[in-house]
Each structure stands twice: as structure tokens, then as C-alpha cells.
Amino acid sequence: MHKLLAKLIDAQALASGVFVHTYHAPEISRSAEPGQFVNIRVSSSVAPLLRRPFSVLSSDGREQFRILFEVKGQGTEILSRKQPGAEVDCVGPLGQPFQIKAGKLNLVIAGGMGVAPLFFLMQQLRTKPYPTLLLYGVRTKACLYLVDELVASGVQLQIFTDDGSAGQQGMVTDFVEEYMQPGCAIYACGPMEMIKVLTHKVHSAGLECQVSLENQLGCGVGACLGCVVKVHDGYARVCCDGPVFDSNALEF
Amino acid sequence: MHKLLAKLIDAQALASGVFVHTYHAPEISRSAEPGQFVNIRVSSSVAPLLRRPFSVLSSDGREQFRILFEVKGQGTEILSRKQPGAEVDCVGPLGQPFQIKAGKLNLVIAGGMGVAPLFFLMQQLRTKPYPTLLLYGVRTKACLYLVDELVASGVQLQIFTDDGSAGQQGMVTDFVEEYMQPGCAIYACGPMEMIKVLTHKVHSAGLECQVSLENQLGCGVGACLGCVVKVHDGYARVCCDGPVFDSNALEF
Amino acid sequence: MPDLEIQIGELTLKNPVTVASGTFGYGQEYEAFYDPSLLGAIFLKSVTLEERPGNPPPRLVETPAGLINSIGLQNVGLDRFLDEVVPLLEGIDTVLIANIAGNTVDEYVQLAEALSDCPGLAALEVNVSCPNVKEGGIAFGTSADMIREVTQEVVAASALPIIVKLTPNVADIVSMAHAAEEAGATAVSLVNTFLALAIDIETRRPILGNATGGLSGPAIKPIALRMVWQVARSTNIPIIGMGGIMTGTDAIEFLMAGATAIAVGTANFVNPLAPVEIVKELEMFLEAHHHTSVREIINVVEG
Amino acid sequence: MPDLEIQIGELTLKNPVTVASGTFGYGQEYEAFYDPSLLGAIFLKSVTLEERPGNPPPRLVETPAGLINSIGLQNVGLDRFLDEVVPLLEGIDTVLIANIAGNTVDEYVQLAEALSDCPGLAALEVNVSCPNVKEGGIAFGTSADMIREVTQEVVAASALPIIVKLTPNVADIVSMAHAAEEAGATAVSLVNTFLALAIDIETRRPILGNATGGLSGPAIKPIALRMVWQVARSTNIPIIGMGGIMTGTDAIEFLMAGATAIAVGTANFVNPLAPVEIVKELEMFLEAHHHTSVREIINVVEG
Ligand SMILES: Cc1cc2nc3c(=O)[nH]c(=O)nc-3n(C[C@H](O)[C@H](O)[C@H](O)COP(=O)(O)OP(=O)(O)OC[C@H]3O[C@@H](n4cnc5c(N)ncnc54)[C@H](O)[C@@H]3O)c2cc1C
Ligand SMILES: Cc1cc2nc3c(=O)[nH]c(=O)nc-3n(C[C@H](O)[C@H](O)[C@H](O)COP(=O)(O)OP(=O)(O)OC[C@H]3O[C@@H](n4cnc5c(N)ncnc54)[C@H](O)[C@@H]3O)c2cc1C
Ligand SMILES: Cc1cc2nc3c(=O)[nH]c(=O)nc-3n(C[C@H](O)[C@H](O)[C@H](O)COP(=O)(O)O)c2cc1C
Ligand SMILES: Cc1cc2nc3c(=O)[nH]c(=O)nc-3n(C[C@H](O)[C@H](O)[C@H](O)COP(=O)(O)O)c2cc1C
Ligand code: FES
Ligand code: FES
């Protein structure tokens, strides 16, 4: 865990309000694992006051890491206006990564921007002997990001859109049962509603999965107990007990 | 008085932390008079909360006006980072302008950044029959701005520096008596300490002057009574009774 | 077009967006930006019995997302208010509310009497954040008993609706609102500014000439909103909510928390168009959510 | 190198920069950033007699220059605190101060007794912002009488120096500090958070699971600073000042206003290095102004 100035070396707009940033920060890039995040102070002003968390999208393991983010409010808006060369105040890597399980199939389920931590996970799953299938659900075709990179990396990809503008029409959770199989390892990230439905279906099938959650963070390092979610034996902190949780542990 | 988005069309760094901005804003440029100011919201964030006031440095009377400013804190820092093309939330022109008096000599006395409103004043004095002499005092040579433009405009110029690095060594107030003459019209802007000493000397010589003051503003339009300075019969508002005051009215 | 009209006792406001006392002068200064008749009401700057010079400058200091002011109730006093200020108000076609401040109950009563027959004034707002000189200088607004007394006397002295403007510098805002309600106030204004301090570490002195001042602006919004919500849940008195309202969203939060109207204060300084923009944003919100009247979103938060 | 050491009663702190209860866990979480032994003291997160699950999420909401939290005193309870937490503290070479919270005077007393002989703890901070269940749930800290009672009992129950942490949700902070002083407290901490609310205008509900929470951060600094200054001018009890301190300048303002030490709270979240940077900035200020000791700038503001 480091606090440092990461140099923004590349900023790409993937769509209106959606960006990929590449940062130079060896300390973070070397140790980041899929599912972990960085916590960025977008402004030295007191508004917005808190850091903004972003999953590590990928890391070259040596010098650079990337994030994928969507402009939601003031914080991401300020971040999106930064130009290459900017030094960005960054704490990371933070949180518990995905545990790579030796399933016969790696079933990776992404909802919207939830693809970010999973992209990094899939980079690592590539080196494993089992095939990886990504179920990628978005509202509409324009919200599909990084598909070329995903395809190029050899991931098997099934797309779902709410409006049928690409892939299968419908929600990824409507079809997920078709892809589950005994012994598969399931990893998911997306809106809370999706995670809930998904977890229910996964558990009904006698399986379990790892899910990455989001929440409003305070400290980002486990000190404030502000970011908790309900787990069976009380509350767990998203920032350091998560963001990746075993679906078994969570209570919805 | 207008509230509008002024387009920044040119941003020049005159020295480290000192900038001239040129804005496109016909409504303001057409009506601005020397001594008046614009009140700029540098950020849509709540920090800094209040607008920042800057004297009009010059106006072409039709479309464009300029400001000269120094980075002092967060507000001016943010302003200094704006790039041409930026739309800047601007209220103006505000405040009472200098009253151009028919003196036999226009004696203009600038301390540091106080040169800004006086520059505009001298543009107008040029069209008058009487000569204009600018006494321009700064800490050191590097803090002299716009001298070329001033000289080109035909203003007679006497420079003073605290350290003697340009012009006469010493403070402008140490020498001002040498330049005062009966019937001259005196205009001044600079640090409060300079204004105080100057006013005292001017009054001692049986003369009066117009001085432009600064203060922390709230509303900028006369509503809040926050920006007051002491005058003989109570308090006067810098934002709308000033910023230009008859030295006779002020109480130090 | 959703209906924006709201009712506060016998007062009818064309919309719930008003401007806070002391931040809008007497309505003239913002005429360059828009017609003040567009506002639901204007709360005029506090008037006192005698003319007051106000506090020595500096009177303002900016803080994180806030502003401390120590204007010190500078005003021309009752007589000149009647002679000079009231005539200025004539063209303004909205509810005009004078704000009175005093150091004794008797001063409030004299002000209330004198302003009662004043043409154009629709109500009186009673600023109880002032020190009660008979009680050792403790602010009227920090004691339920003093609020009760002032309110009763002012209500008795004036035929106009009385709005009591409470100070947030108390442990229990509900009991203060209760006192005003019981004493016959038509509404309460929540909140005035928070007593605050800023220090210049170079001079080692308070920045303000008066040392302390009142904190306003977005910084205080979460506390002000809590107070409005608490009072709305525990009393039946209409509330004019204020404290850091900058946008339509802020205004809607206050309405939902239980305010019948809201006032824009410090935001006027930041964005002179804030009140009219808030009216527009409110309208858009109501339309987007298929409300026919703003009254449908007032006091809807339970929690 | 100026001397940063300060004294609070019998406690000696190597420097006046501490971290606020609840914002620094039990000292472990920030070890990745710097050695917590560099701090003047660490105020540990509140401990209660029984384990507390804390409030339902969401527990945090950001506001203009502020943060509202409703953690709800989540902690493992006294027994596990002694068994599991205290051993973790062993390596930390600075003044460690436990913070106790209860709903009855008896709970405070039991906590104070149990923690008195606890190795490694140098003092107890008494969080009086909790509801007194015997008094209908009104917070201990809003009544001078209740503060007096709790303080007296805790002082009697423990050999450790007692620091009473006051809530700012009061009309008269000075009388609260007076009560703590008279009852034998070694110091007061000023201030805890301000009760606040945020509303989600889409769901029309409070954002926090607990509805209200406590506002902290730069937004409250001007109010907190005023309270420290008022208490410093009217009492002789040492003050640990806090509320929105982000930088060395902020810390120096609190020291000049009368705090003997300061605590960094919310700023830890924004800048995990804030406390050590503040120590450095403080040192630089003292050097630049030719002070040989930080004590020369404590309580120097008159105004
Ligand atoms: C561990 C973690 C990893 C994340 N990874 C990514 C990522 O890779 N890419 C990405 O685009 N975003 C990610 N997020 C979400 C991202 O942090 C928020 O979108 C961002 O903080 C919003 O900041 P803002 O100032 O732009 O919006 P704000 O003005 O703060 O909020 C705008 C809107 O977004 C909502 N919102 C704000 N923060 C969150 C949050 N943390 N969770 C859910 N809703 C929120 C608010 O309620 C509000 O409606 C992650 C969050 C967490 C906790
Ligand atoms: C009518 C008027 C005209 C002005 N014209 C110009 C101009 O042409 N060019 C220019 O560079 N500046 C001008 N100023 C001053 C300018 O407005 C301030 O320097 C600026 O607001 C500082 O903002 P900041 O956020 O950068 O600094 P802050 O962070 O607000 O303050 C930094 C430091 O500057 C001091 N300061 C801030 N505002 C003022 C002020 N209004 N007066 C005196 N000291 C202040 C603060 O006390 C602090 O020490 C003018 C001010 C007024 C009132
Ligand atoms: C500069 C200034 C002057 C004020 N003067 C008065 C006043 O004369 N009487 C009064 O009752 N309130 C006065 N107030 C308080 C406001 O009416 C309002 O209650 C407070 O500022 C909170 O709202 P805001 O955060 O939107 O500004 C003043 C506030 C400011 C900022
Ligand atoms: C997330 C959070 C948790 C807190 N928990 C406690 C606590 O357990 N006990 C306590 O006495 N104060 C607690 N506080 C209050 C702080 O100790 C401090 O008094 C307050 O936050 C003001 O300081 P700040 O503005 O620097 O944060 C907490 C504050 C925050 C932000
Ligand atoms: S954000 Fe503070 S514990 Fe998770
Ligand atoms: S700034 Fe408000 S009256 Fe001048």
C-alpha cells in the first residue's frame, strides 16, 4: 500500500464520459492484483473532499497500470479533465483481490462498468489451463468497452444488451443459468441489483462465486468502518475485507 | 452589470505567477470604465466558494477586455490554469470608476499590481489635453509589468524599486512630493500601506486624490455590507461605493 | 406546468423560493440580474430601532465551502427604514417580509408596532439571534423561554404574521421551534448562521474586526437540513428552510425534509441568478416526477 | 529544531499532533504510511461495555467540504478490546488514549475501571456524545449536570488522566467545559461531530441507514475553532482541539486559539500522511518565526 504521485501518461475517451487512464507508478503496478483498487484524490481542494476509488483495469506488472472510469459526478468529472503529464495523488493498491480458483471453467460475469476489475482478472486467468467465458451485460451497444482488447486476449465472450443492440437481448442474469456448470469458478462485478440476483441463482445451483462490491468509502484502509456491507456474522468492510467477497459470506 | 460566460481568448504569463487574460465579452467590454472590476467564479465547485474580483486592465470598448492578476491563493491558481477557449463565469462591470479630472498634470501612482486599473485609466487619459506621469513602484525589477505597452502608449514613466534593480531606489511614497504640483489630478492604486502614506502626503500638500481600494468581497453588488471601509460618516462599500474613493472621504 | 404556490399561514407565496435576510439588501441590488418579483418572497435585511453602524471591518472571511460574516446588523434604523427604504420596495410584486432585531423585548415590540401598518409589508421575521442585554447578553434564541416571551409580545403588537428566525447555536432546536409555535408564531425560519471564528496565524489575531461571526453557506447545509427535519417531525409550524442552499437539489432536500419554503442566502453572492435557477430546477424536478404541485414533495421524508 | 513537546496535566506528548478517535482505528491501518510512534498521541476508537454491531449502512455521505458518518460505535466490546486490541498496541511508542462510550453512568464507570490497569494506556477519553438512556436518550454532553456526573464518577473510578470529549451540539460550550473542569477532568477534547442529515431526493429518504449522522471535516472548522477559543478564554483546562484540521495552518490556528494539542480526524482519510505533514509544517512555522518551543504559540490569540 503506497501513497504517491502517479503520472498520468495516457488518457483515452472510449465514449462520451468514459475514460481509460494509464498511470506510471511502479510501486502500485508491481503489486496490484485483480480486484484491487486505487484511491485517487482528484483535487487538492476540499471539494470533493474524499478520494475516489477505481479498480485496477490492468497492470503491466512493472511500471504502468490503467483504470476505466465513467463520469458520475464532480470527482470523476475533474479526473476526466486531467491531461497526460498530470501528477495524480494515488493510494494503492488496496483491498482483497480475487482468489483464482482452479475451476473447469472460469465464468466471468460483468455488468456495465463492472468489467473493469474483471478485465484484469481475465488477464491472469489466461495463463491458467481452464477456459474463460465472459458474460458481459450492458444497457446498449454503446456501453460496451474494451471488446477488441478482450477478444484479442482470447477470452470467449457473450454479450447481452437490454435493448438488443448487440449480442443477446436481455439481462445477463436472465441467462446465466445456461452457462453455469458444476465445478466452474464464477467471478462477478456489476450493479448491486445484478449481484443480488446473480448470487441467488448461483447459490440455487449449488455453486458459489466471488463478487466485487462498491460502496461509499471513507478512509479506504479499514480504519473508519464506514464502508461496511452486511455479512452473516455482522458487517464487513468493502475497502479491506473486500471489495471482493465470497458470495456465501454476504447477506442481502 | 451582467452575468455571463466570458470566453478566455488569450492567456499570457508575464512572469512566474502573473498573468494577463483576454476575454471576449461584448456586454462588459462596451461598458467597462477605468477603475471598475469584474467578479469571476473560478470554479463551479464550492471551494473556493466566492467569486474573485479583478480590475479591468483594458477594454477595446467593443468586444474584449483584459485583466492582470497575480496568483495569491487557490482562486487565482485555478484561474491561472484556464486555457484559451474556456468559458469563465463573470459578473461585471462593477463598482465606481475613476472620475477623470481636468488637472494640469495627471499624476498616476501605482504600487505593484495596483497598476492594473490605472493602466486602463491611462488609456483614457491619453485622449485628454494634459500630460500623464506614472510613478510606478515595485519591489524589484522582475515585478514590473506592461512597461513596454505603457511606454508605447506615450505615458511618461518613473519607476521605483525597493532594491534599486530598476529606476530609482526607494518607495514611490518617499519621492511623491517631488512630482506633485498645484492643480494636478492624482490617481492611485496599490497596497493599503502605500495608500495611507500617499493620502497623508497628498493632503498635506493641500491636494486630493482618487484611490482604488481592495477588500474581501461577499456579494460584489452592494447587498451584503461585507466589504466596507471606514469613511468619515460611517462605512462605505468597496464593491459599489468604491473601489475608487476620493481620498477625502476615507478614514484610516 | 406544476403549481409552485405555497401557503404559510395566511401568506400565499407564488413559489417557495425566497431570499434570506441580509443577503439581498432591500431588493434593489439584484434587479440588474432579474426581476425580484419572480421570487416567492423577499426577506429584507434586519432593521433595528436605532441606526447601527455595524461592526468594524474586516467583516467577511471565506472558509471551506463557507463564509463567516460579522456585519453587525448595520442598518439605518427604524425611522429612516420607514422613510427611505419602504418607498424603494413599491415596484416589487412579491411578498415582502421585514426582519426585526432588538436587544430587549421592548425594542422588538416597538419595531413590530411601527412596521405593522407599513404598506407593502406582508409579514415580520423576528431575528432572535441577538444578545438580550437584560439577560447578560445571552442570545434570545438560545432559550425557549426568551423565544416564547419575544414571540408572544411581537404577535400581540402586530397584526402581521410573525415568523421567528431561530439560531442554530442550540442543543435542542425542536424546543425552540415549539416555543415559537406555542407563542403564536405563524412560521419559523431555520436557520441563522453558526457562531464561528477564523484566525490569521501571522498576526495571531482573529481575522474579523469583531473576532467572531456567523458561518453560512454549503458547509452548514447538512446541519441546517437536520434541524429542519427534526422540527418538521415534532411540530406543526410551517418552516422556511435555509442554510447553504445553492441548487435546486439542495432546495428540494429542504422541502422534502419539511420546509414549506426555502431561502437562498450566501448563494446569491456566488451566483446572483441562483434563486431563479432554483425555481426552474424545482419546476423541472416536479415535471420529471409527474407532480402537479410542489406541495406534494413537502415533508415527505420519514426515515 | 524547535521543541514540540507539550504537557497535558501529567501527560507528556512528544508533539501536539494526535489523531482523533474513530478515524485511526487502533493504530494499525496507517502503519503502511508511517510509523504511528511519530504522533503525539493516538486516540483509539470508542469502546463500549458490550460489543456493538454499529448502524446499518450506508454509514457515510460526503457533503460540501465535509463528511457525515453514522458508524454507530461499532466495536468489539470491552472484553475483546482487552484481549484482542490491547496486545496490538504494544509496539506503538507514543501516548495511547482509549475512548470510552456508554449509555449510563454505570457503563462509563465499568469501562473506566476495567481500562485503568490496562498496560500501555496513558489516559481515557470520555465520549459524552452518547444518549443517556436514563434521561430519555438526551446526549450526556448536552447537559452540564450530566457531564459533571459522568466526569466525577469516571475520575473516581480510574487512576488515569480523564479527558472529556465534548459535543458541539450545544448552545454554550463553555459551561460544558466548566463542568468537566470542576469535576476533575485533566483536559477536554473539542469537538465531536455535528448532528447532520443528507437526503436522497430520488428515494425521498435519508441517505444514511441511521437517518442522521455526525458532520466532520473542513466544513466545521470555523465553528470548532470558535468553541476552542471560547473555552480557552473562560477556563483553565487544557484543550485538545479538533474539527476539520487538514494542514499545518489549521493546526496552528487551533493552537493559537488555545488548544494545547490538536487531533486530526477526517483529514486522515483524505491524506493519510496529514498528521506527519502537519508536524513538519508546524516545525517550519516555529522555525520561521524563531520560536524555540511550540508552547510559545499556544493560546496567544486575544482579540
Ligand atoms: C472499490 C471500488 C472500485 C470502483 N471501481 C470503479 C471503476 O473501476 N470505474 C468506475 O467508473 N467506477 C468505479 N467505482 C465507483 C467510483 O468510485 C464512483 O463512481 C466515483 O467515486 C464517483 O465519484 P464522483 O465524484 O464522480 O460522483 P459523486 O458526485 O460522488 O456521485 C455521483 C453519483 O454516483 C453515486 N456514487 C458515488 N460514489 C459511489 C460509489 N462508491 N458506489 C456507488 N455509487 C456511488 C452517488 O450516489 C451519486 O449518485 C468504484 C468504487 C469502489 C468502491
Ligand atoms: C475591486 C478589486 C479589484 C482587484 N483587482 C485585482 C487585479 O486587477 N489583479 C489582481 O491580481 N488582484 C486583484 N484584486 C485582488 C484579488 O481579488 C485577490 O488577490 C484574489 O481574490 C485572491 O484570491 P485567491 O483565491 O487566489 O487567494 P485567497 O486564497 O483568497 O487569499 C490569498 C491571500 O490573499 C489575500 N487576499 C485575498 N483576497 C484579497 C483581497 N480582495 N484583497 C486583499 N487581499 C486579499 C488573503 O488574505 C490571503 O492572504 C482585486 C481585489 C478587489 C477587491
Ligand atoms: C452577509 C450576511 C448577512 C446576513 N444578515 C442577516 C440579517 O441581517 N438578519 C438575519 O436574520 N440574518 C442574516 N443573515 C443570515 C441569513 O439570512 C441566513 O440565515 C444564513 O446566511 C444561512 O443561509 P445561507 O447559508 O444560505 O447563507 C446574514 C447572512 C449573511 C451571509
Ligand atoms: C468516521 C468517523 C468515526 C468517528 N468515530 C468516533 C468515535 O468512535 N468516538 C469519538 O469520540 N469520536 C468519533 N469521531 C469523531 C472524531 O473523533 C472527531 O471528533 C471529529 O471527526 C471532528 O474532527 P475532524 O473534523 O478532524 O474529523 C468519528 C469521526 C469520524 C469521521
Ligand atoms: S472506507 Fe474506512 S473502513 Fe472502509
Ligand atoms: S461585497 Fe457585498 S456589499 Fe460589497
Side-chain angles (χ1 to χ4, degrees), chain B residues 1-5 27-28 31 38-53 72-76 89-95 192 213-242 250-252, chain C residues 19-20 22-34 44-46 51-76 198 207-209 213 216-219 221 244 246-247 250 265-274 276-277:
Chain B
M1 192 189 314
H2 303 272
K3 179 191 179 299
L4 46 75
L5 291 176
E27 295 89 337
I28 292 175
S31 55
V38 293
N39 213 357
I40 292 181
R41 187 169 182 194
V42 297
S43 158
S44 59
S45 151
V46 294
L49 182 64
L50 297 173
R51 288 172 181 271
R52 298 296 190 252
K72 287 277 228 165
Q74 201 196 355
T76 44
D89 180 349
C90 206
V91 170
L94 296 167
M192 202 53 180
L213 302 183
E214 291 191 2
N215 206 348
Q216 172 70 51
L217 304 187
C219 66
V221 297
C224 74
L225 311 183
C227 63
V228 300
V229 289
K230 192 106 194 62
V231 291
H232 294 309
D233 55 348
Y235 293 112
R237 296 162 297 183
V238 165
C239 70
C240 61
D241 301 319
L250 296 172
E251 212 165 79
F252 292 105
Chain C
V19 284
T23 67
F24 205 76
Y26 299 118
Q28 274 61 55
E29 287 80 1
Y30 287 89
E31 278 177 352
F33 301 105
Y34 63 90
L44 304 173
K45 167 141 197 67
S46 284
E51 176 165 355
R52 293 221 193 164
N55 285 327
R59 289 181 176 180
L60 297 175
V61 52
E62 191 177 329
T63 68
L67 172 68
I68 315 180
N69 87 79
S70 66
I71 309 302
L73 296 178
Q74 177 181 338
N75 80 100
V76 294
I207 294 179
L208 297 176
S216 64
K221 196 197 81 174
M246 298 284 286
T247 65
D250 296 332
T266 304
N268 291 302
F269 308 166
V270 179
N271 175 11
L273 296 177
V276 284
E277 289 179 1

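Chain identifiers are assigned alphabetically (A, B, ...) following the order of the sequence lines, protein sequences preceding nucleic acid strands; residue numbering begins at 1 within each chain.
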Which pair of non-hydrogen atoms, one from [X] and one from [Y], has the smallest distance, and what is that distance?
X: C:N271; Y: B:R51; answer: CA-NH2, 4.2 Å
X: B:Y235; Y: C:G54; answer: CE1-O, 3.9 Å
X: C:F24; Y: B:A223; answer: C-CB, 4.1 Å
X: C:L60; Y: B:C224; answer: CD1-SG, 4.3 Å

For chain C, which candidate among [options] shows the most heavy-atom pairs at distances under 4.5 Å?
options: B:G222, B:S45, B:G234; answer: B:G222
options: B:C227, B:P48, B:A47, B:G220; answer: B:P48
options: B:V46, B:N39, B:L217, B:V229; answer: B:V46

Would you mind checking which part of [X] comes under 4.5 Å of any heavy atom in chain B, side chain (CB onward), backbone (N, CA, C, O), both or neither?
X: C:T266; answer: side chain
X: C:N55; answer: backbone
X: C:Y30; answer: side chain

Is there side-chain contact between C:P272 and B:V221, with at least one heavy-atom pair below 4.5 Å? no
Apply the test side chain to side chain contact (heavy atoms under 4.5 Å, CB included) to residues C:I207 and B:Q216: give CA-CA distance (whole Å), side-chain angles for both, the deciding distance (0.1 Å), then the verdict. CA-CA 11 Å; C:I207 294 179; B:Q216 172 70 51; over 6 Å; no
Could you tell me the separation between the CD atom of C:E29 and the CZ atom of B:R237, rounded to the nearest 0.5 Å? 6.5 Å
C:E31 side, atom CD; B:M1 side, atom CE - distance, nearest 0.5 Å: 10.5 Å
Quick one: does any side-chain atom of C:R59 pair with a main-chain N or O of B:L225 as donor and acceptor, under 3.5 Å? yes
Before giving the answer on side chain to side chain contact (heavy atoms under 4.5 Å, CB included), spell out for B:L49 and C:V270 the whole-Å C-alpha distance, their side-chain angles and the decisive distance to 0.1 Å. CA-CA 7 Å; B:L49 182 64; C:V270 179; 3.8 Å; yes
